[in-house]
Amino acid sequence: MAIDENRFLADLHALREFGAAGVGKGVTRPAYSQADIAARRWLATRMQEAGLQPHFDPVGNLFGLAQEPSLLMGSHSDSQPEGGWLDGALGVIAALEVARASDRPISVVSFQDEEGRFGVTTGSAIWSGGLNLSQADSLTDHAGVTLGAARASMRDLARGFVDPGQFTGFIEMHIEQGPSLDESGDLIGVVTDIVGIRDMVISFEGQQNHAGTTPMHLRRDAFQALSLFNAEINTRFRNVVTPQTVWTIGHVEVHPNASSIVPGRARFSMQWRDSDPDRLLRMEEIIRKTAQDIADRLEMGLAFGPMLGLEPVSMDRALQAKLEVGAQRVAPGKWRSMPSGALHDATNIAKLMPAAMLFVPSIKGISHDFAEDTLEKDLIAGLHALVIAVNG
Ligand code: GLV
Ligand code: MN
Ligand code: MN
């Protein structure tokens with residue numbers, strides 16, 4: 001059967017309806033939310049209609065299994081709290097369409113919690129053995145819900161873990177989520193490597209007090225500690241980082257978050273990414289030392305949460321070569337090899353089997369935002385390159 005471009009686009013738009021939010025094509029579909037579980041049930045039906053055997057594992061990863069042995073394709077269908085319609089969803093729906101159209105057996109997967117409500121690429125990290133399930137169960141989201149409690153909401157669907165031995169390799173299609181392809185005018189990126197990441201929660205504990213009566217010199221204001229920390233690491237990182245290194249404080253909780261109260265606690269996420277594990281380690285040392293120096297100076301309590309992370313990985317060379325053939329056929333001279341600055345399930349799956357990724361452009365490089373989008377003709381070009389790569 002040939003690729004059906006209209007069916008592929010219709011399925012992508014249908015998936016966006018689960019958790020549709022914001023302007024344009026925005027989506028709010030965090031892992032284990034009602035919208036996420038409803039989307040997974042819908043995907044299971046689409047897999048069945050495509051002749052695949054749907055299978056939910058204990059963490060909510062959804063597989064559509066072909067006969068053995070097969071090539072595994074897919075990505076994730078959970079989203080960021082404010083996300084777009086393509087991040088993850090594109091790879092899952094493209095895999096479904098390739099499975100329908102390919103002469104070769106293709107299994108499809110939608111991994112759970114790639115977006116890290118609880119960990120970093122949680123579902124594929126657990127499936128690949130990188131994260132221990134019983135330890136992962138005690139990871140909490142920003143509201144204090146544990147992964148163990150969240151995954152219990154899918155208990156009625158869950159069966160055992162799928163044996164990875166039945167898959168010959170893994171291919172994930174994804175939007176680039178950055179500006180490179182959009183700026184160069186290239187239509188396709190073949191991924192060479194994926195960066196490494198570290199992610200940790202840090203808390204400063206001071207003294208909550210009255211904002212009108214507490215003299216400035218007597219305050220132990222936790223927000224002031226966070227603010228100093230941020231300024232200080234930007235300076236102390238200077239001799240360690242490269243222009244490709246990134247770091248983000250993306251989630252901040254100031255307690256009790258009231259205008260007339262000196263904040264007693266500041267709890268925040270600290271995330272950093274780079275392609276060199278040694279640099280990631282040096283940055284960790286700077287982060288811990290800076291936080292300790294500031295805690296000592298401002299008389300703060302200091303706590304570090306569990307350190308989560310993934311190592312940088314290279315994509316499989318032979319699978320890259322297949323994707324290059326597809327890219328060159330569909331977009332002669334208008335594709336490039338490139339690293340990924342975003343994290344992907346492929347990082348974990350590369351531990352289990354040969355893994356590779358294909359990117360299509362993100363308009364203006366925007367992602368993790370309701371405004372994320374890609375021209376539909378570019379989505380279709382990527383899909384054709386994928387099917388050529390798979391069918392040879
Ligand atoms: C994945 O969504 C990432 O944060 O790179
Ligand atoms: Mn993604
Ligand atoms: Mn994402």
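Both ligands and their constituent atoms are indexed starting at 1 by order of listing.
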Leu343 N/O under 3.5 Å from ligand 1 N/O: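 Right, the criterion is met.
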
Backbone or side-chain N or O of Glu115 under 3.5 Å from ligand 1 N or O: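 Min N/O separation from ligand 1 is below 3.5 Å for Glu115.
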
Residue pair Leu181 / Leu187, side-chain heavy-atom distance below 4.5 Å: no

Flag side-chain contact, heavy atom, 4.5 Å: Met353 against Pro164: yes

One residue to check: [X]. Relative to ligand 1, which of side chain, backbone, both or neither has a non-hydrogen atom less than 4.0 Å away?
X: His368; answer: side chain
X: His76; answer: neither
X: Gln177; answer: neither

Top protein contact for atom 4 (O) of ligand 1, by heavy-atom distance: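 Closest protein heavy atom to atom 4 (O) of ligand 1: Arg273 NH2, 2.8 Å.
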
Numbering as shown, the atoms of ligand 1 that approach Ala342 to under 4.0 Å (heavy-atom distance):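 Close to Ala342: 5 (O).
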
Enumerated ligand 1 atoms positioned under 4.0 Å from heavy atoms of Glu114: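 Going through ligand 1 atom by atom, the ones under 4.0 Å from Glu114 are 1 (C), 2 (O).
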
Under-4.0 Å salt bridge between Asp11 and Arg100: yes

Lys289 and Asp293 ion-paired at < 4.0 Å: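 Here Lys289 pairs with Asp293 in a salt bridge, since their nearest N and O are under 4.0 Å apart.
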
Phe63 and His55 aromatic ring geometry - parallel, tilted or perpendicular at 30°/60° bounds: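 His55 vs Phe63 ring planes: perpendicular.
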
Plane angle bin for His251 and His142 - parallel if under 30°, tilted between 30 and 60°, otherwise perpendicular: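 If you compare the ring of His142 with that of His251, the planes turn out parallel.
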
Of Thr122, Asp87, Thr121, the residue whose pairing with His76 passes side chain to side chain donor-acceptor pair (under 3.5 Å):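 Exactly one pass, corresponding to Asp87.
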
N/O donor-acceptor pair under 3.5 Å between Asp113 side chain and Phe118 backbone: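 Yes: the side chain of Asp113 pairs with the backbone of Phe118.
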
Residues Asp36 and Gln112: side-chain donor-acceptor under 3.5 angstrom: yes

Closer than 2.8 Å to the Mn ion (ligand 2) - protein N, O or S atoms, ordered by chain and residue number: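 You should have found His76 NE2, Asp87 OD1, His174 NE2.
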
Over-ring placement of Arg288 relative to Phe304, 6.0 Å and 45° cut-offs: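 Yes, Arg288 and Phe304 form such a contact.
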
Name of whichever N/O/S atom of His368 is nearest to the Mn ion (ligand 3):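 Of all N, O or S atoms belonging to His368, NE2 is the one nearest the Mn ion (ligand 3).
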
